[in-house]
Amino acid sequence: MFDIKWIRANAELFDSSLKRRGQPPASADLIALDDARKAKVTAMNEAQEKRNALSKQIGQAKAAGDNARAESIMAEVGALKSAVQEFEEAERTLTDELNTKLSFLPNLLHPEVPDGTSENENVTIRTHLEPKTFSFKPKEHYEIGETLGLMDFEAAARIAGSRFVVLRGQMARLERALGQFMLDLHTREHGFTEVSAPLLVRSEALFGTGQLPKFSEEAFETTDGRWLIPTSEVSLTNLVREQILSGEDLPLRFTSLTPCFRSEAGSAGRDTRGMLRQHQFAKVEMVVVTTPDRSEEEQHHMLGCAEAVLRKLEIPYRVVALCSGDMGASMQRTYDIEAWLPGQNAYREISSVSMAGDFQARRMNTRYRNGEGKLDFVHTLNGSGIAVGRALIALVENYQNEDGSVTIPEALRPFMGGLERIG
RNA sequence: GGGUGGGUGGCAGAGUGGUUGAAUGCACCGGUCUUGAAAACCGGCGGGCGUGUAAGCGUCUCGGGGGUUCGAAUCCCUCCCCACCCGCCA
């Protein structure tokens with residue numbers, strides 16, 4: 001959420017950021033609306049001031065026993081009252097309109113974000129490990145999983161429909177092991193606090209992180225008006241909503257392993273096979289709440305935490321900086337980590353590490369006291385650390401053997417009861 | 001699902017129609033004292049909006065909205081939220 005005062009002072013920058021996201025300029029319209037609002041506020045204040053002064057005089061007149069004078073002033077105030085109400089109503093209408101427009105705007109882009117209109121223009125920052133070469137044609141994860149009888153898409157479809165999966169036996173355990181492994185890593189080595197938080201949240205929470213009002217079709221709403229979280233970023237970030245934090249307590253670092261639920265409206269036909277794009281998937285999320293000056297540093301730290309997962313699992317990946325046209329609306333800068341999938345012969349997103357600046361903090365009204373005791377909005381960041389479902393895909397595909405079995409990487413064996421291979 | 005009680009400043013907690021934006025305590029900031037710190041004492045201390053270079057001034061704000069009244073944190077209506085008890089269920 002933007003501060004209209006900031007837009008006034010930075011109109012050009014604001015519009016150019018919108019343009020880079022492929023949207024038309026909005027500052028002129030917003031400023032005009034705010035001008036109208038201000039005019040009403042001033043008129044309203046003047047009318048209120050007059051009313052208050054006269055009301056006071058009534059009290060004085062009555063105290064002095066001058067009832068005639070009191071009544072003449074009362075008549076005067078009576079006339080003023082309706083005027084005050086009209087101003088108030090007009091002011092509220094304009095303020096609501098302005099806030100609604102502001103709430104739909106995407107975040108300002110960080111200057112380093114590369115220009116582009118689609119993922120094709122994302123910029124690769126670095127690559128870790130060369131894609132493994134296979135002496136046979138590597139299969140896709142679902143072929144491996146189905147052949148082993150450990151991934152069952154048909155059963156899932158009978159129970160829940162398409163875009164669900166049933167994992168069985170060691171494959172189910174593998175998913176659990178991956179989650180445990182990641183949580184242990186982040187809590188023991190990366191300074192995160194593990195959190196178990198609601199998966200079902202109020203609209204206000206989704207508004208806070210920016211999924212509402214603009215992206216309501218991407219999440220599932222319950223019959224009682226709550227929402228299934230599309231990511232635990234929502235629960236973790238909203239942990240600090242409507243709070244005034246002490247600067248000394250920052251940064252806060254939270255992590256959580258949760259299911260995530262996405263309607264995938266608009267992605268019909270994309271990634272329909274396998275468990276790459278599901279309505280439900282497990283993800284370890286990291287959220288950081290910090291002071292503005294540490295924000296960028298924390299993003300790089302978090303990116304490193306996510307990378308550490310893949311490094312320990314020895315899965316090839318690359319880090320890309322998302323271009324302006326591919327970035328999420330709430331974010332200022334995003335790095336994606338893409339794992340190599342031999343079966344697909346492609347890199348696919350497995351983590352996304354983003355910086356929101358004060359965009360979410362404003363929507364949640366989360367502030368902290370700085371060194372001078374002044375209130376300021378915190379900065380928030382989030383990143384997958386990492387997507388468990390996709391990590392399982394990457395693991396199965398990268399560690400597949402010609403006989404259809406899957407080797408368990410060293411780092412994960414302690415979480416698999418020492419098991420060295422599946423199948 | 002049934003019933004009851006509540007939502008006041010960073011926190012706790014007074015306040016049921018008239019200089020109350022709001023007592024008091026804690027926290028916080030400044031100062032005195034101290035070698036330093038603590039304690040004690042003195043002083044300061046909500047937020048939003050508008051206006052102004054600023055100091056300041058104005059206005060709104062005691063969960064949201066509406067109403068009664070010359071005047072509302074205090075009365076009425078309505079919505080939201082929270083807590084507790086009973087029932088049901090994990």
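Keep in mind that what you see is a predicted model, and the values were worked out from it rather than measured. Lettering follows sequence order; numbering is per chain, from 1.
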Anything under 3.5 Å between a donor and an acceptor, one on a side chain of residues 169-177 of chain A, the other on a protein residue two or more places apart or in another chain? List them.
none

Could you give the side-chain donor-acceptor pairs of residues 33-47 of chain A under 3.5 Å, partners two or more places apart or in another chain?
unit_1  : atom_1 : unit_2  : atom_2 : d
A:Asp34 : OD1    : A:Arg37 : NH1    : 2.2
A:Asp34 : OD2    : A:Arg8  : NE     : 2.9
A:Asp34 : OD2    : A:Arg8  : NH2    : 3.1
A:Asp35 : OD1    : A:Arg8  : NH1    : 3.4
A:Asp35 : OD1    : A:Arg8  : NH2    : 2.5
A:Thr42 : OG1    : A:Lys38 : O      : 3.0

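Across all strands shown, the partner of B:rG58 is B:rC49, judged by Watson-Crick or G-U wobble contacts whose two distances both fall under 3.5 Å. Nucleotide B:rC41 forms a pair with B:rG31, judged by Watson-Crick or G-U wobble geometry with both contacts under 3.5 Å. The nucleotide B:rG1 finds its pairing partner in B:rC86, both defining distances of the Watson-Crick or G-U wobble pair being shorter than 3.5 Å. Pairing partner, B:rG36: none, since no Watson-Crick or wobble contact has both distances short of 3.5 Å.
Taking the C1' atoms as reference points, B:rG17 lies 11 Å from B:rA73, given to the whole Å. When the C1' atom is compared between B:rC60 and B:rG5, the two are found 30 Å apart, to the nearest whole Å. Only the P atoms considered, B:rC70 is 22 Å distant from B:rU20, to the nearest whole Å. The gap from the P atom of B:rA55 to that of B:rG66 amounts to 32 Å, rounded to the nearest Å. Separation of the C1' atoms belonging to B:rA27 and B:rG46 is 14 Å when rounded to the nearest angstrom. Rounded to the nearest Å, the gap between the P atom of B:rC45 and that of B:rG56 is 11 Å. The same atom, C1', is picked in B:rG10 and in B:rC84; the two are 27 Å apart, to the nearest Å. The gap from the C1' atom of B:rU34 to that of B:rG50 amounts to 48 Å, rounded to the nearest Å.
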Which protein N or O atoms sit under 3.5 Å from an N or O of nucleotides 62-67 of chain B?
unit_1 : atom_1 : unit_2  : atom_2 : d
B:rG65 : O3'    : A:Arg92 : NH1    : 3.4
B:rG66 : OP1    : A:Arg92 : NH1    : 2.6
B:rG66 : OP1    : A:Arg92 : NH2    : 2.9

Are there any protein N/O atoms within less than 3.5 Å of an N/O atom in nucleotides 56-60 of chain B, and if so, which ones and at what distance?
unit_1 : atom_1 : unit_2  : atom_2 : d
B:rG58 : O2'    : A:Glu49 : OE1    : 3.4
B:rG58 : N2     : A:Asn45 : ND2    : 2.9
B:rU59 : OP1    : A:Asn52 : ND2    : 3.3
B:rU59 : O3'    : A:Gln48 : OE1    : 3.3
B:rU59 : O2'    : A:Asn45 : OD1    : 3.1
B:rU59 : O2'    : A:Gln48 : OE1    : 2.6
B:rC60 : OP1    : A:Arg51 : NH2    : 2.7

Identify each atom pair where a protein N or O and an N or O of nucleotides 76-81 of chain B are less than 3.5 Å apart, giving names and distance.
unit_1 : atom_1 : unit_2   : atom_2 : d
B:rC81 : O3'    : A:Arg202 : NH2    : 2.5

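One interatomic measurement links the two molecules: CZ of A:Arg367 to P of B:rC11, which rounds to 11 Å at whole-angstrom precision. When the P atom of B:rG48 is taken as reference, atom CD1 of A:Ile4 falls 17 Å away, rounded to whole Å. The interatomic distance linking A:Leu98 (CG) with B:rG50 (C1') rounds to 14 Å, in whole Å. Per the geometry, CG belonging to A:Asp3 stands 16 Å off P belonging to B:rG47, to the nearest Å. Whole-Å rounding puts the A:Arg362 CZ to B:rG48 P distance at 11 Å.
Counted within 6.0 Å of CD on A:Gln23, heavy atoms from surrounding residues, nucleotides or ligands total more than 12; the atom is thus considered enclosed. Residue A:Glu189 places its CD atom among more than 12 non-hydrogen atoms of other residues, nucleotides or ligands, all under 6.0 Å distant.
When each of A:Lys5 and A:Arg369 is assigned the nucleotide of RNA chain B with its nearest heavy atom, A:Arg369 is the one assigned upstream, toward the 5' end.
Pairs of residues two or more places apart, or lying in two chains, that qualify as ring-ring contact (aromatic ring centres under 6.0 Å, His included) and include a residue from residues 9-59 of chain A are A:Phe2-A:Phe14. Pairs passing the ring-ring contact (aromatic ring centres under 6.0 Å, His included) check and including a residue from residues 17-57 of chain A, sequence neighbours excluded, do not occur. Listed by first and then second residue, the ring-ring contact (aromatic ring centres under 6.0 Å, His included) pairs involving residues 227-281 of chain A are A:Phe164-A:His279, A:Phe220-A:His279 (not counting sequence neighbours).
Judged purely by distance below 3.5 Å, without hydrogens or angles, the side chains of A:Asn382 and A:Thr237 never pair a donor atom with an acceptor atom. Using a 3.5 Å distance cut-off with no hydrogens or angles, the side chains of A:Glu88 and A:Gln48 do pair a donor with an acceptor. With no hydrogens or angles considered, a side-chain donor-acceptor pair links A:Glu91 and A:Thr95 at under 3.5 Å.
A salt bridge links A:Asp224 and A:Arg226; the closest N-O separation between the charged side-chain nitrogens and carboxylate oxygens is under 4.0 Å. A salt bridge between A:Arg369 and A:Asp376 is absent, with no side-chain N of the basic residue lying under 4.0 Å from a carboxylate O of the acidic one. Electrostatic pairing of A:Glu264 and A:Arg262 does not count as a salt bridge here, judged by no charged N lying under 4.0 Å from a carboxylate O. Taking the charged nitrogens against the carboxylate oxygens, A:Arg294 and A:Glu297 do have a contact shorter than 4.0 Å, which makes a salt bridge.
At a non-hydrogen distance threshold of 4.0 Å, A:Arg37, A:Lys38 from residues 29-40 of chain A come into contact with RNA chain B. Within residues 232-248 of chain A, the residues having any heavy atom under 4.0 Å from RNA chain B are, by residue number, A:Ile244.
Residues passing the side-chain contact (heavy atoms from CB on, under 4.5 Å) test with A:Ser246, sequence neighbours excluded: A:Glu248, A:Asp249. Listed by chain and residue number, A:Ile315, A:Ala339, A:Leu341, A:Ile350, A:Asn398 satisfy the side-chain contact (heavy atoms from CB on, under 4.5 Å) test with A:Ala394 (two or more places apart in sequence, or in another chain).
In terms of heavy atoms, A:Leu381 sits closest to A:Ser295 at CD2-O, 3.3 Å.
A salt bridge (charged side-chain N to carboxylate O under 4.0 Å, His left out) with A:Arg253 holds for exactly one of A:Glu285, A:Glu298, A:Glu194; it is A:Glu298.
As judged by a 4.0 angstrom heavy-atom cut-off over every strand, A:Leu54 is placed among residues making no nucleic acid contact.
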